[in-house]
Amino acid sequence: MTTRRANFLTEIIDADLAAGRVTRIATRFPPEPNGYLHVGHAKSICLNFGLARDYAGTCNLRMDDTNPVKEDIDYVHAIEKDVKWLGFDWAGSVRFASDYFDHMYAAAERLIAQGDAYVDHQTVDEIRANRGDFGRPGVDSPYRNRPIAENQALFAAMRAGEFVDGTCVLRAKVDMAHPNLLMRDPLLYRIRHAHHHRTGDKWCIYPMYDYAHPLEDALEGITHSICTLEFESNRELYDWVLDHTVAPKGTPWNPRPRQYEFARLGLGYTVMSKRKLLQLVEDKRVNGWDDPRMPTIAGMRRRGVTPEALRDFAELIGVAKNNSLVDIGKLEFCVRQDLERRAPRAMAVLQPLSLQLTNWPLGHTDTLPIAWKAGEAATRPVPFGREILIEREDFSEDPPRDWKRLSVGKEVRLFGAYFVRCDEVVRENGEIVGLRGTVDLDSRGGEAKDGRQPAGTIHWVDASHAVDCEIRLYDRLFTVEQPDADGDFLPHMNPDALQVVQGQMEPAAAELAGGMHVQLMRVGYFFSDPVDSEPGKPVWNRVIGLRDTWAKPVGRTDSRAERRKEPGEPRKDAAQKKNRAEWRAEKRAATAELAAAYGRYGALGLDADAADLLTEELETVAFFDAALRAHPHPQSLGRWFLNDLEGLRKARPLADLPFDGAVFGHFVALLDGDRITVPAGKQLLAHLLAQGGDPQALIATLGLGKVDDSAAVLAAIDAVLAALPAEAERLRAGEQRLLGVFIGQVLKQLRGSADAGAVRQALLDRLKA
RNA sequence: UCGGGGAUCGUCUAAUGGCAGGACCGCAGACUCUGAAUCUGCUCAUCUAGGUUCGAAUCCUAGUCCCCGAACCA
């Protein structure tokens with residue numbers, strides 16, 4: 001396994017491997033071929049293929065083509081190309097959901113035979129209305145209890161094309177009152193008389209995503225089916241399908257795939273939904289899916305972003321379950337970092353300003369060999385003559401104090417060439433149209449004989465040799481960080497996301513072929529457009545500008561920080577939903593035994609919160625009363641019950657625990673009797689929960705008995721202090737936060753059986769001594 | 001309204017009861033034939049309130065805020 005940043009998925013996989021749930025890892029990347037892949041998909045691709053690579057497993061590329069009216073073969077090819085370009089290869093051939101239509105159909109027939117599915121003749125509107133909503137349960141379809149034989153005949157007729165679209169659907173028979181709306185008899189198949197890009201006209205019924213996807217995964221032997229957060233609710237249905245179907249051999253699915261969800265990529269200053277991207281393309285607001293302004297993989301590729309940069313980006317942002325909006329600066333950082341390493345340097349002037357060198361011999365051209373990259377041997381010839389073009393913004397008539405460029409009377413170095421000084425400004429109608437200056441003929445190559453250093457170094461091209469070429473300056477597609485935050489995203493489009501300028505480029509660079517990266521010095525990283533460049537007529541795309549610490553901070557207004565709300569007060573509004581405490585109070589009012597217990601616990605000296613919590617269920621009261629009989633110490637019993645047992649048992653009912661209230665009472669008695677320390681008590685409780693047993697006997701078995709051997713404690717303290725000399729020094733110097741580390745270490749040596757408070761005191765005493 | 005998730009520097013992400021770490025951004029300095037790169041340093045965070053514990057980002061209780069879910073889409 002190559003080292004890779006751990007995340008919650010690698011933890012799950014490690015645990016699955018360790019527990020033997022799986023013996024190999026199989027993932028998949030399952031796009032629907034209804035649009036181009038974007039940078040969000042790139043994250044998913046890097047995740048799925050990366051996991052397969054790191055665990056020496058496999059990753060399938062699978063087209064999820066279950067809806068023929070939206071999908072297209074052209075998208076299939078584009079997707080394959082993008083995944084390959086990103087640097088990944090799938091196991092075997094490309095898979096298609098449509099390859100499994102026969103299996104899916106057979107599985108549906110089986111569901112019908114099991115009584116787990118039925119044909120519903122309600123209309124779309126009826127189905128929707130009868131599904132209920134978040135507040136109301138649904139109502140059963142009048143067709144829900146059709147005889148199995150009738151369902152079988154009807155489903156066969158659906159397949160045979162005897163019904164027009166929308167006549168009926170196949171539904172799973174789950175529960176119309178299920179709190180998860182997806183489980184209210186989900187649709188499995190719908191009728192669609194449509195031509196499918198692969199199966200042609202073989203089918204006129206097509207499976208729904210929620211039914212098809214788990215079967216696709218299971219059929220391919222996928223172990224970890226990774227998708228995005230919005231599918232969390234779908235997981236329950238995913239599991240239902242796998243629980244109610246079997247593998248082709250008739251056995252339960254093995255390996256049985258599990259679905260896990262991670263946060264999709266949200267990226268600032270762009271939109272990521274396929275619908276919106278499609279709209280930009282169809283409305284011709286961009287020039288196609290591969291427009292370099294688009295966040296599509298195709299667009300970024302054409303712009304000049306490299307696969308390495310994209311993969312670095314995926315690594316940089318990590319994988320988690322937080323909804324997040326990634327700063328686009330992180331992507332830009334990855335792009336710059338990669339291009340910095342790979343791009344040769346050249347010079348071009350975007351907004352030329354002429355500089356006449358009055359002391360340069362008329363008609364003479366010097367040809368300078370300048371390295372493509374600093375420190376490397378390879379050079380290109382760069383002509384230098386009497387008229388030089390510099391960047392307009394590299395000259396100032398009224399320079400600020402720290403100006404490092406050209407101004408009247410000041411000298412700069414023309415990169416790789418000569419020192420020049422500006423003597424005067426040439427104007428026409430008040431406009432600056434050129435500069436006149438002189439060159440230090442002794443500074444050829446950029447070094448002055450007398451060793452003096454100029455104010456700065458600027459880029460330039462020789463006017464008579466410069467090549468005119470189209471330069472496309474790309475910028476962020478939107479002017480705000482969250483264009484789709486509310487309402488229409490189109491008004492936020494950045495009209496300057498593409499600016500075309502005619503640049504003047506040095507001749508050697510202008511001959512670079514299409515698909516080449518170059519850094520135009522002091523301007524940015526550029527890529528010769530692979531589509532529009534022609535031999536001798538290159539078109540250059542700006543991939544990203546250089547980091548510019550001198551430019552005025554454009555100020556990334558921190559819209560998000562402003563949005564952050566103050567923590568709210570607990571709502572006092574009576575109309576709001578009841579809180580848990582109110583709910584329990586009501587329940588007590590209705591149940592005499594709970595109310596009695598509440599009063600009794602109060603009288604026993606338990607505080608109101610504890611008494612409240614303990615009287616939520618009769619079952620709890622019974623358990624607690626039993627514990628009380630075994631060990632009549634309400635406070636400690638309440639503290640261990642509420643703080644530890646409740647957390648450890650999670651949702652497990654008390655009745656399912658391998659011990660009863662009396663045993664719990666005995667357990668707490670051990671703690672109150674100082675027979676065992678608190679951490680050891682927690683260990684013991686965890687053990688009890690897992691396997692039951694007699695607490696008293698387990699103390700010996702597990703070696704958890706309390707040790708009151710102060711000599712052993714002192715020995716352990718000295719051993720730890722000696723083992724961590726640097727930290728011990730800091731601790732002596734008063735770094736209190738290290739105290740915990742030492743207590744922990746000492747406790748570890750003593751196998752948790754010493755009293756932590758005593759260890760702390762002993763440690764403090766030892767340090768004073 | 002019901003169900004499912006989530007909350008740690010400005011941003012992304014670690015820490016699985018024991019020193020809140022890394023990266024991006026920002027700031028400062030060094031260096032520089034790119035105001036780039038490189039190098040050094042710095043600023044900056046555990047949603048709130050209680051509780052348990054020697055010790056809580058982590059466990060318990062209560063609350064707040066955010067996201068997802070009611071297509072014959074995926």
Side-chain angles (χ1 to χ4, degrees), chain A residues 5-7 11 30 32 34 64 66-67 70 124 127-128 131-136 165-166 169 178-182 184 187 189-192 208-210 213 229-236 261 263 268 316-327 329-330 333 336 340 345 374 402 404-405 413 415-416 445-447 453-454 456-459 519 521-523 546-551 553 556 558 560-561 564-565 567-571 577 579-581 609 613 639 642-644 646-648 678-679 682 727 730 735 737-745 755-761:
Chain A
R5 180 113 70 97
N7 57 53
E11 277 177 31
E32 183 187 14
N34 68 343
D64 213 354
T66 58
N67 188 357
K70 287 168 70 178
V124 187
I127 288 177
R128 191 171 320 168
R131 183 145 40 214
D133 58 32
F134 297 144
R136 288 194 336 267
D165 289 7
V169 293
H178 202 287
N180 179 354
L181 268 60
L182 281 173
R184 317 246 258 228
L187 274 60
Y189 269 93
R190 78 289 218 189
I191 301 170
R192 277 259 205 289
M208 301 288 290
Y209 167 85
D210 282 309
H213 207 86
L229 249 31
E230 66 270 24
F231 288 97
E232 279 172 330
S233 302
N234 301 64
R235 186 176 58 234
E236 196 169 12
E261 310 87 16
L316 180 73
I317 60 178
V319 177
K321 297 191 74 155
N322 297 344
N323 292 111
S324 54
L325 181 63
V326 174
D327 187 342
K330 287 186 172 59
F333 165 78
R336 283 196 188 100
E340 157 68 23
R345 313 295 146 110
D402 53 352
K404 293 171 73 169
R405 312 178 188 182
R413 169 164 44 220
F415 183 89
E447 302 283 355
Q453 289 294 327
T457 302
I458 62 175
H459 61 283
Q519 185 201 97
M521 296 189 77
R522 306 209 310 128
V523 180
L546 255 28
R547 184 162 169 267
D548 189 353
T549 51
W550 190 76
R556 170 206 155 100
D558 215 327
R560 277 182 281 181
R564 177 166 293 196
K565 294 198 176 110
E569 291 295 307
R571 288 182 295 197
K577 72 169 178 183
N579 65 35
R580 297 286 300 263
D609 279 351
L613 260 10
R639 165 247 178 285
L642 262 12
N643 268 316
D644 291 279
E646 286 293 79
L648 252 21
V678 170
K682 290 185 184 187
E727 285 81 0
R730 284 161 58 201
E735 215 171 317
R737 61 181 179 175
L738 280 174
L739 202 53
V741 178
F742 280 89
I743 295 171
Q745 288 295 316
D755 179 68
V759 169
R760 179 197 176 90
Q761 195 52 54

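All values below come from the heavy atoms of this structure, side chains included, with hydrogens, waters and symmetry mates left out. Proteins get letters first, then strands, A, B, ... in listed order; numbering begins at 1 in each. Not measured: the values here are computed from a predicted model.
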[N] and [M]: how far apart are their [atom1] atoms, nearest whole angstrom?
| N | M | atom1 | result |
| --- | --- | --- | --- |
| A56(B) | G51(B) | C1' | 11 Å |
| G6(B) | U58(B) | C1' | 16 Å |
| U53(B) | C60(B) | P | 16 Å |
| C47(B) | U43(B) | C1' | 23 Å |
| C25(B) | C65(B) | C1' | 26 Å |

If you assign N322(A) and R128(A) each to the RNA chain B nucleotide with the nearest heavy atom, which residue ends up on the more 5' nucleotide? N322(A)
Selection from [options] that lies nearest to any side-chain heavy atom of [X]:
| X | options | answer |
| --- | --- | --- |
| I743(A) | U34(B), C54(B), A74(B) | C54(B) |
| R345(A) | A74(B), A36(B), U52(B) | A36(B) |
| V678(A) | C12(B), G5(B), U53(B) | U53(B) |

So does [X] reach the base of [N] with its side chain, donor to acceptor, closer than 3.5 Å?
| X | N | answer |
| --- | --- | --- |
| R405(A) | G35(B) | yes |
| D548(A) | G35(B) | no |
| E32(A) | C73(B) | no |

Would you mind classifying the nucleic acid contact of [X] as base, sugar-phosphate or nothing, using non-hydrogen atoms under 4.0 angstrom?
| X | result |
| --- | --- |
| D133(A) | base |
| E447(A) | base |
| K321(A) | sugar-phosphate |
| N34(A) | nothing |

Stacking between G18(B) and F742(A), yes or no? Criterion: centroid separation under 5.5 angstrom, plane angle under 30 degrees.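 No, F742(A) does not stack on the base of G18(B), since the centre distance and plane angle fail the 5.5 Å and 30° test.
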For A71(B), does the glycosidic angle fall within 90° of 0 (syn) or outside that (anti)? syn
Answer yes or no: does a side-chain N or O of R192(A) lie under 4.0 Å from OP1 or OP2 of C73(B)? yes
According to a strict under-4.0 Å criterion, is R639(A) in side-chain N/O contact with OP1 or OP2 of C60(B)? no
Strictly below 4.0 Å, N to O, side chains only: are D644(A) and R639(A) in salt-bridge contact? yes
Whole-Å gap separating C1' (A71(B)) and NZ (K70(A)): 9 Å
